[in-house]
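When a residue number appears, it is its place in the shown sequence, counting from 1. One-based numbering, in listed order, for ligands and for the atoms of each.
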Amino acid sequence: MVTSTAAAHKTPQQQTRVLIVGNYCHDVLMQKDTVKAESLGGAASFISNVVNGMSVSCNLVSKVGEDFKYPVDFTPIVIPTSKTTVFHAYFDLAIHGNCHQDRVLKRVSACDPIRPSDLPDARSKFGMAVGVGGEILPETLERMIETCDAVFVDIQALIRVFDSVDGTVKLVKLEETEFYSLLPRIEVLKASSEEAVFMDVEEVRKWCCVVVTNGKEGCKVYWKDGELGIPPFLANQKDPTGAGDSFLGGFVAGLVQGLAVPDAALLGNLFGSLTVEQIGLPKFDSRLLQRVKDEVQRRKMQFLHCERSEYELEFLKPDGHEQFHASLGAAKSTPPFSIQARPWTPSNSPKETEQTPIPHYTAQAKLLANSVYEEPIQTVEGKP
Ligand SMILES: Nc1ncnc2c1ncn2[C@@H]1O[C@H](COP(=O)(O)OP(=O)(O)O)[C@@H](O)[C@H]1O
Ligand SMILES: O=P([O-])([O-])O[C@@H]1[C@@H](O)[C@H](O)[C@@H](O)[C@H](O)[C@@H]1O
């Protein structure tokens with residue numbers, strides 16, 4: 001756990017605020033063996049997109065091959081002898097209620113692992129171990145623990161294994177991995193509800209905070225002495241890819257700026273909900289981001305009087321949490337940011353809408369269809 005002494009080596013000004021570690025990848029979204037969209041992927045890309053969007057300084061360590069084809073904010077390490085990690089996501093499986101098995105992932109190529117020597121020597125305040133294709137090694141996580149004041153881990157970096165024939169992603173029990181003994185030294189472990197069944201939450205929460213995300217239901221935070229459900233935001237889901245990553249980006253961006261855990265988790269839910277509304281890596285409207293930043297500032301001002309160490313997580317729900325949820329929800333749904341709230345009028349009839357680019361779409365995703373799901377786009381989904 002982070003204590004004020006753990007941060008003793010450098011002043012906050014000398015530290016990188018957030019160090020993101022995980023490979024960029026190429027994502028190919030498939031349906032019925034047809035390519036529906038291609039996009040920049042990898043948890044690192046979704047997380048840096050959110051953290052940058054929230055104007056939090058960060059650094060990123062990632063490896064790619066010479067075939068890497070997207071422009072990115074942080075130059076990756078190019079490995080001439082290796083190919084960029086590629087995932088094919090198959091959306092042929094139906095969504096089964098809360099089971100949340102909405103895709104089958106195949107890793108069709110894998111770039112080199114990230115080794116301790118690839119990490120910067122300088123200390124960071126928050127380290128994020130967010131591999132997708134098995135690139136985080138136990139010794140890499142250990143090095144992050146040594147050089148970061150607090151380490152946040154996505155369980156997908158720890159429990160994924162890959163079929164030796166076709167690369168299908170399978171999950172193994174956390175306790176069977178070499179990472180298990182490191183859990184008491186990390187701050188937060190994030191898992192989706194699908195992944196959470198591969199750990200004993202009751203055991204792990206004794207060592208670190210556990211956050212379980214649950215799609216349109218929002219998320220739940222577990223710590224040693226308590227647990228709390230955090231409500232979601234309405235979303236018109238088109239592609240679930242990256243929701244968990246963006247959640248983690250928003251959560252950490254909130255914590256870095258001094259929010260209590262429940263409020264930071266709301267920020268995570270907000271960015272998760274914004275991400276599912278777009279295909280591939282989302283592009284956030286700058287006016288929406290400004291409103292969200294303003295709400296975060298306002299929230300911080302309410303707690304200026306609280307005596308709290310910069311390095312302690314505050315788990316209890318602060319007064320005004322529901323109001324903060326409402327304010328973020330209002331920021332999200334205020335036109336022109338919302339694409340779900342647009343009423344049908346003759347001027348945006350389906351035919352014309354098809355020809356009108358929706359402003360959120362990213363230049364880094366090549367779209368071959370309107371939605372990953374071949375369902376009509378619904379106006380209200382994910383109602384809490
Ligand atoms: N359909 C949705 N409606 C609203 N919010 C969503 C939706 N899907 C995901 N989210 C938000 O994104 C977060 C992460 O999504 P989830 O699907 O649980 O993760 P993963 O992408 O890892 O499977 C959720 O906790 C929620 O806040
Ligand atoms: O959807 P999500 O679980 O948050 O995260 C996704 C990973 O599971 C996937 O391996 C990767 O290819 C995507 O780009 C994205 O990072």
Consider every N or O of [X] and every N or O of ligand 1, then say whether any pair is closer than 3.5 Å.
X: Thr213; answer: yes
X: Gly244; answer: yes
X: Ala235; answer: no
X: Asn269; answer: yes

Does Arg299 qualify as a cation-pi partner of Phe324, given the criterion of NZ or CZ under 6.0 Å from the six-membered ring centre and within 45 degrees of its axis?
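Yes, Arg299 sits over the ring of Phe324.
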Centre of Phe87's six-membered ring, under 6.0 Å away, within 45 degrees of the axis: is that where NZ or CZ of Lys106 sits?
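No - Lys106 does not lie over the ring of Phe87 by the 6.0 Å and 45° rule.
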Output yes when Glu227 and Arg205 qualify as a salt bridge under the 4.0 Å nitrogen-oxygen rule, no when they do not.
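Between Arg205 and Glu227 there is a salt bridge, with a charged N closer than 4.0 Å to a carboxylate O.
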Pairing of Lys69 and Glu38 as salt bridge, 4.0 angstrom limit:
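Salt bridge present between Lys69 and Glu38.
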Is it the side chain, the backbone, both or neither of [X] that has a heavy atom closer than 4.0 Å to ligand 1?
X: Gln237; answer: side chain
X: Arg103; answer: neither
X: Asn214; answer: backbone

Geometric class of the [Y]/[X] ring pair [parallel <30°, tilted 30-60°, perpendicular >60°]:
X: Phe247; Y: Phe251; value: parallel
X: Tyr70; Y: His26; value: perpendicular
X: Phe152; Y: Phe126; value: tilted

Will you find, in the side chains of [X] and [Y], an N or O donor that is under 3.5 Å from an N or O acceptor?
X: Ser192; Y: Glu195; result: yes
X: Thr168; Y: Asp163; result: no
X: Asp67; Y: Thr84; result: yes

Contact with ligand 1 for Lys220, non-hydrogen, under 4.0 angstrom
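Lys220 does not count as a contact of ligand 1 under the 4.0 Å cut-off.
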For Gly218, is the nearest heavy atom under 4.0 Å from an atom of ligand 1?
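Yes.
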Side chain to side chain donor-acceptor pair (under 3.5 Å) between Thr213 and Lys190: does it pass, once the steps are laid out?
CA-CA 8 Å; Thr213 63; Lys190 189 230 81 164; 4.7 Å; no
Please step through salt bridge (Lys or Arg N to Asp or Glu O under 4.0 Å) for the pair Lys332 and Glu277, ending with a clear verdict.
CA-CA 12 Å; Lys332 182 182 180 208; Glu277 292 183 330; 3.4 Å; yes
Out of Ala243, Pro232, Gly215, indicate the one that has the non-hydrogen atom closest to atom 6 (C) of ligand 1.
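Closest candidate by heavy-atom distance is Gly215.
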Pull out every atom of ligand 1 sitting under 4.0 Å from any heavy atom of [X], numbered as shown with elements.
X: Lys190; result: 22 (O)
X: Ser273; result: 4 (C), 5 (N), 11 (C)
X: Ser192; result: 22 (O), 23 (O)

Let me know which protein residues bring a heavy atom to under 4.0 Å of ligand 2; chain then number is fine for ordering.
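Within 4.0 Å of ligand 2, protein side: Cys25, Asp27, Gly41, Gly42, Ala43, Phe46, Phe87, Arg103, Leu105, Val132, Gln156, Arg160, Pro240, Thr241, Gly242, Ala243, Gly244, Asp245.
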